[in-house]
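Structure record follows, encoded as structure tokens.
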Amino acid sequence: MTQAQGQSAAREDATLSFKRYILEESSGFEAEPMADLYRVNLLGQMLDRYDELHERGMGETNCVERVKYEFSSIPRWMREEGFTETADIGAQQSVSRWPQLTEDEAAQYIKESNEYLHKQTLGVALCTACVAPMMIMCGVGELVWELEDFSVMFGLVGMFGMIGMGVYTMMTAMKPKNHERIKKGRFSLSARLRKKLTQLSELTAPKVRKRKAKGITMLVLCMVPLFMGTMLEEMWYSDVWPLFGLAGMFAMIGAGVYEVVMGRDEEKTLKRLLETKDEKR
């Protein structure tokens, strides 16, 4: 047997040894496509390390043992990646009374929940800012006296129209299909899904804080348009500016309420998914 053939045979033996080692170390994890792909990547990394050590002059047997030693943390790495352990599945089935929530169900719940919250909050914002069209049309009436009565009536129509749209939007909002089940915590989570939801919660947190800050800022500064309208009234002696200022104030209040409530409820949705009834007990 030539030296090249001997090296090829040794590498094949090392490959088989690494495959058996990976399968033994990862035997406690669920058989799924992503886990299998992870095992294949591990094999490639182990073979690359084997070749590197062999090129430095280390013997075949020592190379194999050294690589196995360096890759002795495979179970811990797979847990950190969020792969589900078969032991966890059995424990969840024996400890938890509730069925496991799938990734598709969680994604669907988040989508439907955000749509429901958007409609509910938009309805509240419309009702809150309903006075704005009334103030705007009254201001138009001050500018064009011939249209004063018409403007006031048109403003009333706009105000009640916004109230009607707000009520309609709230009443037609549909709760998510799994709303009651998730609200009461009657579900369990796999380690992989919990990790994904935790990562999503961490990514969403800055956006939620920014949204809350934006809404609170608008609520704090909502009087600014009114003050500006009063100042312009003193400059040009016209009653129209305070009316426009009032319209701007109510519009800012409505927008601020929308941002604050949406930011709070988006955060609450993810927290609700991460808190099962088994944990509450």
Side-chain angles (χ1 to χ4, degrees), residues 28-38 78-128 165-212 214-215 254-281:
F29 292 85
E30 185 181 2
E32 53 181 341
M34 293 304 296
D36 292 339
L37 179 61
Y38 187 77
M78 293 188 73
R79 289 190 198 98
E80 291 175 353
E81 291 295 325
F83 293 109
T84 305
E85 294 184 76
T86 52
D88 287 346
I89 296 173
Q92 286 177 353
Q93 290 175 345
S94 60
V95 175
S96 177
R97 297 180 298 162
W98 312 112
Q100 196 172 92
L101 195 71
T102 66
E103 292 186 21
D104 290 339
E105 287 175 333
Q108 186 69 17
Y109 175 78
I110 293 172
K111 178 184 176 183
E112 292 177 355
S113 182
N114 287 339
E115 291 174 355
Y116 171 74
L117 294 173
H118 165 69
K119 286 190 173 183
Q120 285 281 304
T121 311
L122 180 61
V124 173
L126 287 171
C127 292
T128 303
M165 286 191 294
V167 172
Y168 177 81
T169 303
M170 288 188 286
M171 294 297 292
T172 55
M174 298 292 292
K175 290 183 179 181
K177 294 178 181 178
N178 291 327
H179 177 74
E180 290 300 321
R181 174 189 170 194
I182 292 175
K183 182 180 179 181
K184 295 178 180 178
R186 294 176 177 175
F187 64 95
S188 60
L189 295 175
S190 65
R192 181 178 180 181
L193 179 55
R194 182 174 294 280
K195 181 179 179 181
K196 286 187 176 182
L197 290 173
T198 302
Q199 290 175 342
L200 180 60
S201 180
E202 291 172 354
L203 291 172
T204 307
K207 187 184 82 169
V208 168
R209 285 196 297 269
K210 184 177 179 181
R211 198 160 203 174
K212 286 182 179 178
K214 182 180 175 182
V257 168
Y258 178 84
E259 293 294 334
V260 170
V261 175
M262 278 298 295
R264 181 200 66 189
D265 288 344
E266 283 181 1
E267 187 177 35
K268 189 186 295 184
T269 298
L270 291 171
K271 285 183 178 179
R272 187 176 290 159
L273 280 171
L274 288 167
E275 186 179 36
T276 66
K277 194 165 184 178
D278 293 315
E279 291 177 339
K280 292 177 182 177
R281 294 184 297 170

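In this text the structure is predicted, and so the values were computed from the model without any measurement.
- Under the salt bridge (charged side-chain N to carboxylate O under 4.0 Å, His left out) criterion, Lys177 pairs with no residue at all, not counting sequence neighbours.
- Qualifying side chain to side chain donor-acceptor pair (under 3.5 Å) partners for Lys175, counting only residues two or more places apart in sequence or in other chains: none.
- Legend: residues meeting salt bridge (charged side-chain N to carboxylate O under 4.0 Å, His left out) with Lys119, ordered by chain and number and at least two apart, are absent.
- When all heavy atoms of Lys212 and Val260 are compared, the closest pair comes out as O-CG2, 4.0 Å.
- Considering only residues two or more places apart in sequence or on other chains, Gln108 meets the side chain to side chain donor-acceptor pair (under 3.5 Å) condition with Glu112.
- Counting all heavy atoms, side chain and backbone alike, Cys127 lies closest to Gly166 at SG-CA, 4.0 Å.
- Considering all non-hydrogen atoms of both residues, Val124 and Thr128 come closest at O-OG1, 2.7 Å.
- His179 meets the side chain to side chain donor-acceptor pair (under 3.5 Å) test with no other residue; sequence neighbours excluded.
- For Lys207, the salt bridge (charged side-chain N to carboxylate O under 4.0 Å, His left out) partners at least two apart in sequence or on another chain are Glu266.
- Residues forming a salt bridge (charged side-chain N to carboxylate O under 4.0 Å, His left out) with Glu115 (at least two apart in sequence, or on another chain): none.
- Separating the CG atom in Leu126 from the OG1 atom in Thr121 is a distance of 11.0 Å, to the nearest 0.5 Å.
- Residues passing the side chain to side chain donor-acceptor pair (under 3.5 Å) test with Thr269 are Ser113, sequence neighbours excluded.
- Residues that satisfy the side-chain contact (heavy atoms from CB on, under 4.5 Å) test with Gln120, not counting sequence neighbours, are Tyr116, Met170, Ala173.
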Only distances under 3.5 Å count here; give the side-chain donor-acceptor pairs of residues 196-205 to other protein atoms, sequence neighbours excluded, each with its distance to 0.1 Å.
from, atom 1, to, atom 2, distance (Å)
Lys196, NZ, Glu103, OE1, 3.0
Lys196, NZ, Glu103, OE2, 3.4
Thr198, OG1, Arg194, O, 2.7
Thr204, OG1, Leu200, O, 2.7

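- Looking at residues two or more places apart in sequence or on another chain, you find a side-chain contact (heavy atoms from CB on, under 4.5 Å) between Ala255 and Met218.
- Annotation: the span from Asp265 atom CG to Leu270 atom CG amounts to 11.5 Å, rounded to 0.5 Å.
- Legend: side chain to side chain donor-acceptor pair (under 3.5 Å) pairs involving residues 254-264, not counting sequence neighbours, sorted by first then second residue: His118-Tyr258, Arg211-Glu259.
- Summarising the geometry, atom CD belonging to Glu267 is positioned 8.5 Å from atom CZ belonging to Arg209; distances are rounded to the nearest 0.5 Å.
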